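Below is one structure; the comments refer to it alone.
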Amino acid sequence: MKKLFFIISIVFISITPSFADIGPFTIDLFGAYIDAGDLESQVGFGGGFGLGITDTLNVQFRVISTEKSTEDDLNTLAENEESSYEHFTMQAGVEYVPVIPFLEKYQLSWNTSIFLGMADSGYRYYDAFYIEQENYENGYSLSIWTGPHFNLTQYVSFFAEIGYHFCYYTGEMEDTNVSGFQALIGARCTLFGARDYAEGY
């Protein structure tokens, strides 16, 4: 699935100039904290692309990759257990950015989004006898995000978003709970077609 992400990224970059007459085109980079339920809380990074459809509605594409390695943290039955968890999502969705004059006076906006897509999750661990067990599966994912964006300029903004995510698997991980709280902190760059803020910053 990660290969598919790189292919999509190349396609987006190659056709970016054609978006100039359609609406704002944005690029996001961020750090991520993901509560992955049975796969533990993980940290990582991600990025995304966005295209403005109206002044308040954007189409977004977002990927997040997180991981965690632990020792003695898998319902420890013996000492010296080691485990590692990985979680990767590739999603598309819509983002709503309402016009709120009070917030815009302070160069702020409040963004809310919902995403649907694919998830690739798994774990590997070694017990005290160094016997390896692992399982990695592809599934479906849903994420909801909301939070403030501080518009440093019309072309650069910083954001903090919180939300909830849920993943569904049909294989051996069907009964594995991969869901929970999530948070992002990052920056957004608008390449062209920036929103025309009344304050002109």
Side-chain angles (χ1 to χ4, degrees), residues 1-15 25-54 56-70 73-75 83-97 110-125 132-147 149 159-186 188:
M1 190 166 63
K2 294 181 180 180
K3 292 181 180 179
L4 179 59
F5 161 67
F6 288 116
I7 293 172
I8 293 175
S9 299
I10 292 172
V11 171
F12 262 95
I13 292 171
S14 65
I15 64 177
F25 181 79
T26 59
I27 296 178
D28 293 350
L29 295 173
F30 49 79
Y33 168 89
I34 303 293
D35 178 2
D38 292 340
L39 300 186
E40 301 287 343
S41 297
Q42 305 179 27
V43 294
F45 61 93
F49 306 97
L51 178 65
I53 303 301
T54 71
T56 60
L57 195 65
N58 305 320
V59 175
Q60 296 283 330
F61 173 76
R62 178 178 284 177
V63 297
I64 301 174
S65 179
T66 58
E67 61 182 22
K68 180 179 182 179
S69 297
T70 65
D73 194 24
L74 196 68
N75 299 319
S83 56
S84 62
Y85 307 91
E86 296 180 6
H87 185 56
F88 178 85
T89 56
M90 181 171 61
Q91 301 173 313
V94 293
E95 179 184 60
Y96 177 58
V97 189
W110 195 276
N111 299 27
T112 300
S113 57
I114 181 169
F115 287 83
L116 295 171
M118 304 298 294
D120 187 1
S121 305
Y123 62 86
R124 177 188 293 112
Y125 76 90
E132 178 184 12
Q133 296 187 39
E134 66 176 357
N135 190 15
Y136 291 88
E137 286 192 26
N138 295 322
Y140 305 98
S141 62
L142 165 70
S143 295
I144 300 173
W145 301 91
T146 189
H149 286 228
F159 61 87
E161 296 184 1
I162 60 172
Y164 181 85
H165 77 109
F166 173 81
C167 298
Y168 175 72
Y169 301 93
T170 58
E172 295 183 10
M173 289 178 57
E174 182 176 3
D175 296 326
T176 303
N177 173 31
V178 183
S179 63
F181 171 84
Q182 54 189 2
L184 302 178
I185 297 179
R188 171 172 293 182

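In what follows, every heavy atom counts, from backbone to side chain, and hydrogens, waters and symmetry copies are set aside. Please read these numbers as outputs of a predicted model, since none were measured by experiment.
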As a quick check of understanding, evaluate side-chain contact (heavy atoms from CB on, under 4.5 Å) for Leu184 and Ile64, giving each step before the final call.
CA-CA 10 Å; Leu184 302 178; Ile64 301 174; 4.1 Å; yes
Of Glu161, Arg188, Arg62, the one forming a side chain to side chain contact (heavy atoms under 4.5 Å, CB included) with Phe30 is Arg62
**Report entry** Test item: Met173 and Leu39 side chains (from C-beta on) under 4.5 Å apart, heavy atoms
**Finding:** yes
Min side-chain heavy-atom separation Ile27-Phe49 under 4.5 Å | yes
Sorted by chain and residue number, the side-chain hydrogen bond (donor to acceptor under 3.5 Å, both in side chains) partners of Asn177 (sequence neighbours excluded) come out as Ser179
Residues passing the side-chain hydrogen bond (donor to acceptor under 3.5 Å, both in side chains) test with His165, sequence neighbours excluded, are none
Between Asp38 and Tyr123, does the side-chain contact (heavy atoms from CB on, under 4.5 Å) criterion hold? Intermediate values first, please. CA-CA 10 Å; Asp38 292 340; Tyr123 62 86; over 6 Å; no
No-hydrogen, no-angle side-chain donor-acceptor test under 3.5 Å, Ser121 and Tyr169:
yes
When rounded to the nearest 0.5 Å, the distance separating CG of Asn135 from CD of Glu172 is 5.0 Å
Note to self: Counting only heavy atoms not in Leu116 (residues, nucleotides, ligands), do more than 12 fall under 6.0 Å from its CG?
What the structure shows: yes
For Ile144, the side chain to side chain contact (heavy atoms under 4.5 Å, CB included) test, sequence neighbours excluded, returns Ile114
d(Ser141 OG, Phe166 CZ) to nearest 0.5 Å is 10.5 Å
Rounded to the nearest 0.5 angstrom, the CG-SG distance for Asn138 and Cys167 is 11.0 Å
For Phe159, the ring pair (Phe, Tyr, Trp, His ring centres under 6.0 Å) test, sequence neighbours excluded, returns His149
Sorted by chain and residue number, the salt bridge (charged side-chain N to carboxylate O under 4.0 Å, His left out) partners of Glu137 (sequence neighbours excluded) come out as none
Worksheet entry | Exceeds 12 heavy-atom contacts within 6.0 angstrom, atom CD1 of Ile185 | no
OH of Tyr85 to CD of Glu67, rounded to nearest 0.5 Å, is 13.0 Å
_Under the criterion side-chain contact (heavy atoms from CB on, under 4.5 Å), I'd like the reasoning laid out for Gln182 against Thr89: C-alpha separation, chi angles, the key distance, then a yes or no._
CA-CA 13 Å; Gln182 54 189 2; Thr89 56; over 6 Å; no
- prompt: Is there a side-chain contact between Asn111 and Gln60, using heavy atoms and a 4.5 Å cut-off?
  reply: no
In Ile53, Thr54, Asn58, the residue satisfying side chain to side chain contact (heavy atoms under 4.5 Å, CB included) with Thr56 is Thr54
Contacts of Tyr96 meeting side-chain hydrogen bond (donor to acceptor under 3.5 Å, both in side chains) (sequence neighbours excluded), chain-then-number -> none
Are a donor atom and an acceptor atom from the side chains of Gln91 and Ser143 found within less than 3.5 Å of each other?
yes
Passes side-chain contact (heavy atoms from CB on, under 4.5 Å), Thr66 versus Val43? Steps please.
CA-CA 5 Å; Thr66 58; Val43 294; 5.7 Å; no
Interatomic distance, CZ@Phe61 vs CE@Met90, rounded to 0.5 Å, equals 5.5 Å
### Residues, nucleotides or ligands: over 12 heavy atoms within 6.0 Å of Glu174 CD
yes
One should read off an interatomic distance between Ser84 OG and Gln42 CD, to the nearest 0.5 angstrom, of 9.5 Å
Discussion item. Tell me whether the rings of Tyr33 and Phe181 are parallel (<30°), tilted (30 to 60°) or perpendicular (>60°).
Written reply: tilted
